[in-house]
Amino acid sequence: MKVYITTPIYYINAEPHIGHAYTTIAADTLARFYRMAGYDVFFLTGTDEHGQKIYDAAKKQNVSIKDFVDRNTETYRKLWNMLHISYTRFIRTTELEHEETVRNIFTKLLQKGDLYKDDYTGYYCIPCESYAIPEDENNPLCPDCKRPMNKISEPSYFFRISKYTKQLEKYIEENNFVKPDFRKNEVLNFIRSGLHDVSITRKNVEWGISAPVSENYTIYVWFDALINYLSGIGYLHNENLFSKFWPPDVQFIGKDIIRFHHIIWPCLLFALDLPLPKTIFAHGWWTSGKDKISKSKGNTISPEKIIDEYGLDALRYFLLREVPFGLDGEYSEDIFKKRYNSDLANDLGNLVNRTLNLVETKMSGIIGNIPANMEIIKITGEVFEKYQAKMQKIAFSEALEEIWRYISFLNRFLDEKAPWREGCSNVEEILNNTIYGIRSAIIMLTPFIPDASIRIWQMLGLEETPESNGFKLLNQKIPEGIKTNKREIIFPRKK
RNA sequence: GGCGGGGUAGCUCAGCAGGUAGAGCAGCCGGCUCAUACCCGGUAUGUCGGGGGUUCAAGUCCCCCCCUCGCUACCA
């Protein structure tokens with residue numbers, strides 16, 4: 001049983017922001033879930049390092065291109081460490097092996113006749129240094145800066161995606177390839193309007209993988225970038241690894257790069273006679289005051305700042321709980337705090353705290369050996385079934401809702417049994433059941449909030465970590481005579 | 001313009017094989033007091049965007065209109 005999960009590789013010209021963190025945390029959570037479920041998981045992420053913008057940025061800063069990309073890729077790696085991203089491999093498109101793979105694929109497609117040479121015509125805005133499509137072809141103005149554009153034409157290699165139109169349409173219709181569902185129609189519409197072949201070489205871009213042809217071309221960065229999903233898992237280099245994990249099970253992307261991933265990427269795989277990914281899931285944006293978060297609008301959300309104030313797990317929890325995965329979400333400090341206080345502090349945090357306090361005061365901190373009763377075991381089993389189903393369909397917020405219903409149930413259970421009452425005769429039984437419930441909740445929560453889970457785990461005095469035994473631990477009873485450790489507040493309430 | 005979503009409690013949304021509206025949060029009342037002033041119970045509120053139609057019965061089906069969002073090809 002294997003699972004291959006990817007994030008996009010991030011374009012290192014930009015500083016990482018909440019959007020990058022979002023995609024990567026989602027992928028990490030799913031990867032952790034499948035590991036705990038006993039799968040062999042390969043989780044790929046990395047950086048996209050070619051292109052004119054990067055070249056220019058390096059020049060502007062007066063550093064060598066090598067130093068520039070090395071330094072910038074490191075900022076991503078550092079952030080992923082800070083977010084405890086459990087990637088299997090971090091790929092860079094400047095790696096020799098990747099570059100070789102890209103060239104090999106180019107040659108393959110050329111030989112197959114899926115690449116051909118033609119003139120690329122487009123409108124170019126010199127001040128913006130970018131291609132764009134003007135609204136009015138008779139009076140071409142740049143959509144960004146509104147200045148006149150030049151029509152330019154240059155020879156280029158084209159990838160014959162038009163050839164795969166029917167095949168792609170059929171695949172999308174019959175599979176869960178495009179997620180969320182509402183994107184499926186969008187993509188199908190686009191395909192049905194007819195696919196145009198795409199240019200995959202550039203003449204005027206110096207910083208890129210040189211195309212394996214006699215002329216002086218570099219390979220278009222998008223073509224280069226998509227291939228990371230192949231080169232990152234050993235395509236043409238490590239046949240064992242590749243055949244074990246191919247195809248991807250879930251590829252996470254932002255909704256801005258749907259075109260590349262739902263159209264060009266599958267066509268590339270058709271051309272290479274490779275099976276397509278099972279699912280490519282496009283998530284939404286975080287907005288702040290209705291605007292998409294971006295540096296230029298000055299409404300960026302710094303993951304570091306949130307972590308400083310609330311902790312890493314609060315951030316991870318919020319991002320995956322607040323909004324159904326796939327839709328846009330609104331971020332504000334107020335919304336964040338509300339979610340944090342009501343779910344993490346009041347419901348989960350307080351449940352753990354009050355229970356441990358009772359174990360300390362009523363049972364000298366020793367968890368007794370009366371096993372959980374059938375009712376709790378049954379309910380836990382049902383919750384796990386639902387949780388698992390939600391996770392498998394990548395409905396993170398729904399999975400968390402299931403767990404929180406369970407946490408509410410445990411709080412209610414404690415209230416009804418009231419083991420703090422004078423003369424309560426079965427304190428030990430009640431608390432053991434509650435502890436069993438907390439342990440179960442923590443196991444299910446571990447993919448989302450790995451750190452807090454471990455800390456709670458240790459407070460309970462349990463052995464190893466919740467990850468080490470995976471979900472099968474849910475069926476096992478808590479060992480006898482466990483001694484709880486010093487209590488601390490994991491999610492302090494915020495004023 | 002074309003195609004596709006939406007418009008339901010203060011907020012975020014669920015309900016849509018048609019049978020006189022639900023959840024979470026916020027609010028209010030009460031209980032409890034082991035606990036992070038927490039938890040538990042109870043509870044109000046809605047002309048279900050507007051109009052017309054089908055039906056014994058319509059957020060739920062049909063038609064028209066209004067508003068809103070997304071997609072409508074090469075920036076990574």
Side-chain angles (χ1 to χ4, degrees), chain A residues 8-14 47-54 93 120-123 125 128-133 143-144 156 158-159 161 180-200 202 205 220-225 254-260 263-264 284 290 321-324 327-330 334-335 338-339 341-362 397-398 401 404-405 407-408 410-421 424 427 430-431 434 487-495:
Chain A
I9 46 174
Y10 302 108
Y11 198 59
I12 53 169
N13 195 32
T47 45
D48 184 6
E49 308 186 4
H50 292 300
Q52 193 62 35
K53 280 188 186 172
I54 287 168
T93 54
Y120 172 79
T121 305
Y123 290 87
C125 176
C128 294
E129 294 180 15
S130 67
Y131 290 89
I133 295 177
D144 289 331
S156 171
F158 282 80
F159 175 33
I161 61 171
D181 292 324
F182 66 89
R183 298 279 176 205
K184 196 165 175 169
N185 249 329
E186 270 177 36
V187 174
L188 280 172
N189 254 345
F190 185 83
I191 295 170
R192 286 167 185 154
S193 71
L195 293 183
H196 304 352
D197 295 341
V198 290
S199 157
I200 62 158
R202 292 290 124 106
V205 175
Y220 180 41
V221 276
W222 259 109
F223 195 76
D224 166 2
K255 66 180 184 179
D256 54 330
I257 52 177
I258 285 177
R259 181 73 33 82
F260 297 96
I263 308 282
I264 300 176
K290 290 193 163 188
R321 169 61 185 84
E322 184 63 21
V323 163
L327 302 183
D328 289 354
E330 169 79 5
D334 204 50
I335 296 171
K338 232 175 217 170
R339 182 57 76 188
N341 275 339
S342 84
D343 292 5
L344 294 177
N346 295 354
D347 293 345
L348 173 61
N350 187 49
L351 171 67
V352 171
N353 192 245
R354 69 198 294 217
T355 307
L356 281 175
N357 179 261
L358 287 164
V359 173
E360 273 169 34
T361 56
K362 302 282 178 185
S397 63
E398 292 176 31
E401 281 176 53
W404 252 261
R405 261 193 279 278
I407 288 169
S408 291
L410 293 171
N411 269 319
R412 221 177 308 127
F413 175 80
L414 215 46
D415 270 286
E416 280 163 11
K417 307 289 181 189
W420 49 85
R421 266 182 333 215
C424 176
V427 174
I430 295 163
L431 292 180
T434 313
R487 230 175 347 125
E488 52 180 318
I489 304 297
I490 307 273
F491 298 110
R493 265 186 77 86
K494 298 282 181 185
K495 270 287 129 228

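Order of the sequence lines fixes the chain letters, A, B, ..., with proteins taken first and strands second; residue numbering starts at 1 for each chain. All of these numbers come straight from a predicted model, not from anything done at the bench.
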By side chain to side chain donor-acceptor pair (under 3.5 Å), which residues pair with [X], not counting sequence neighbours?
X: A/D334; value: none
X: A/S199; value: A/S156, A/R202
X: A/R421; value: none
X: A/N357; value: none

Could you list, one pair per line, each protein nitrogen or oxygen that sits under 3.5 Å from a nitrogen or oxygen of nucleotides 3-5 of chain B, together with the distance?
from: B/C3; atom 1: O2'; to: A/N189; atom 2: ND2; distance (Å): 2.8

TODO: Determine which bases of RNA chain B form Watson-Crick or G-U wobble pairs with both distances under 3.5 Å, and write the result as a 5' to 3' dot-bracket string with | for other-strand partners.
DONE: (((((((..((((........)))).(((((.......))))).....(((((.......))))))))))))....
So, using ring-ring contact (aromatic ring centres under 6.0 Å, His included) as the criterion, who are the partners of [X] when residues are at least two apart?
X: A/F413; result: none
X: A/Y10; result: A/H20, A/Y76, A/W80
X: A/F190; result: none

TODO: Would you list the pairs meeting salt bridge (Lys or Arg N to Asp or Glu O under 4.0 Å) in which at least one residue belongs to residues 343-361 of chain A, sequence neighbours left out?
DONE: A/R339-A/D343, A/R354-A/D415, A/E360-A/R487
Open item on the list: Within the 4.0 Å limit for protein heavy atoms, which parts of nucleotides 30-36 of chain B are touched? Write it as a string from 5' to 3', B for base, S for sugar-phosphate only, - for none.
Closed with: ---SBBB
Open item on the list: Considering every strand and a 4.0 Å limit on heavy-atom distances, what is the contact class for A/R183: base, sugar-phosphate, or nothing?
Closed with: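 The answer is sugar-phosphate, as A/R183 gets under 4.0 Å only of primed atoms, P, OP1 or OP2.
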Extract all donor-acceptor atom pairs below 3.5 Å that involve side chains of residues 488-495 of chain A and protein atoms in other chains or at least two apart in sequence.
from: A/E488; atom 1: OE1; to: A/R455; atom 2: NH2; distance (Å): 3.2
from: A/R493; atom 1: NH1; to: A/N346; atom 2: OD1; distance (Å): 2.5
from: A/K494; atom 1: NZ; to: A/E309; atom 2: O; distance (Å): 2.9

